[in-house]
Amino acid sequence: QKEVEQNSGPLSVPEGAIASLNCTYSDRGSQSFFWYRQYSGKSPELIMSIYSNGDKEDGRFTAQLNKASQYVSLLIRDSQPSDSATYLCAGSGGETSGSRLTFGEGTQLTVNP
Amino acid sequence: DAGVIQSPRHEVTEMGQEVTLRCKPISGHDYLFWYRQTMMRGLELLIYFNNNVPIDDSGMPEDRFSAKMPNASFSTLKIQPSEPRDSAVYFCASRLAGIGYEQYFGPGTRLTVT
């Protein structure tokens with residue numbers, strides 16, 4: 001079992017829709033979770049971090065964490081073509097990952113105008 | 001504040017040559033990470049340092065790869081001799097110590113070995 005798994009995608013949504021990106025993790029001791037956005041040919045850019053159960057909102061982005069289910073998600077409201085990118089989920093702080101980030105394989109999102 | 005700085009941004013070299021990639025972490029950050037990204041294998045952690053000391057190098061693919069961090073503001077990743085299968089984008093990232101501190105990536109070095 002991979003330490004962090006993402007819905008592999010690719011995911012395609014129309015402009016203005018809600019894009020839902022999901023991630024599960026196997027290390028129950030993981031404490032911190034992050035979503036990175038990576039445009040083609042660019043480096044990963046941190047867009048959201050979440051540490052506690054529940055929702056965290058930042059503009060059009062909402063991260064959700066459920067530690068009991070070992071599940072992390074990212075919702076993008078009012079999706080824009082500029083949101084088209086690969087989204088990487090990452091966790092850290094667990095027994096396996098420790099100080100490093102463990103990344104999922106990424107979900108490629110396309111927002112169609 | 002300046003972000004993570006990497007050089008060169010692009011490197012093209014011939015098989016068998018030595019390649020040195022450089023990284024300057026964000027000032028004050030305690031941790032430095034080297035990653036490699038390819039289409040086939042995704043984003044892989046090669047090695048990371050805490051306070052200039054290598055903590056985990058289990059991701060370094062083989063002895064041809066070595067990394068150093070002589071001081072808090074500089075790290076190198078060296079490949080000697082380089083091979084075509086080393087072609088990838090190499091990222092450096094840094095963060096502060098402590099749970100929850102966020103990791104920031106540099107722009108990467110695109111390495112092509114012919």
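Note that the structure is a prediction, hence the values are computed from the model and not measured. Chain letters run A, B, ... following the sequence lines, proteins first, then strands; residues in each count from 1.
Counting non-hydrogen atoms of other residues, nucleotides and ligands closer than 6.0 Å to CD of B:E14 gives a total of 12 or fewer. The local environment of CG in B:D63 is sparse, with at most 12 non-hydrogen atoms from other residues, nucleotides or ligands closer than 6.0 Å. No more than 12 heavy-atom neighbours from other residues, nucleotides or ligands sit within 6.0 angstrom of NZ on B:K68. The environment of B:R110 atom CZ is sparse: at most 12 non-hydrogen atoms of other residues, nucleotides or ligands sit within 6.0 angstrom. Other residues, nucleotides and ligands contribute over 12 non-hydrogen atoms within 6.0 Å of the CG atom of B:L96. Within a 6.0 Å sphere centred on CD of A:Q70, heavy atoms belonging to other residues, nucleotides or ligands number more than 12.
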Practice prompt. Could you please spell out the steps behind the side chain to side chain contact (heavy atoms under 4.5 Å, CB included) verdict for B:Y35 and A:L101?
Written response: CA-CA 11 Å; B:Y35 292 88; A:L101 285 179; 4.0 Å; yes
Worksheet item: So B:E44 and A:F103, side chain to side chain contact (heavy atoms under 4.5 Å, CB included) or not? Walk me through it.
Response: CA-CA 8 Å; B:E44 302 175 277; A:F103 283 90; over 6 Å; no
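B:Y90 and B:L43 are not part of a single hydrophobic cluster, where members link through side-chain heavy atoms under 4.5 Å apart. Two different hydrophobic clusters hold B:Y31 and B:I5 under the rule that ILVMFWY side chains link at heavy-atom gaps under 4.5 Å.
Minimum heavy-atom separation, B:Y48 to A:R100: CE2-CB, 4.0 Å. Scanning both residues, A:Y36 and B:Q103, for their nearest heavy atoms gives OH-O, 2.6 Å.
No part of B:R41 comes within reach of chain A, as not one of its non-hydrogen atoms sits under 4.5 angstrom from that chain.
Within residues 37-50 of chain A, the residues having any heavy atom closer than 4.5 Å to a heavy atom of chain B are A:Q38, A:G41, A:K42, A:S43, A:P44, A:L46, A:S49, listed by residue number.
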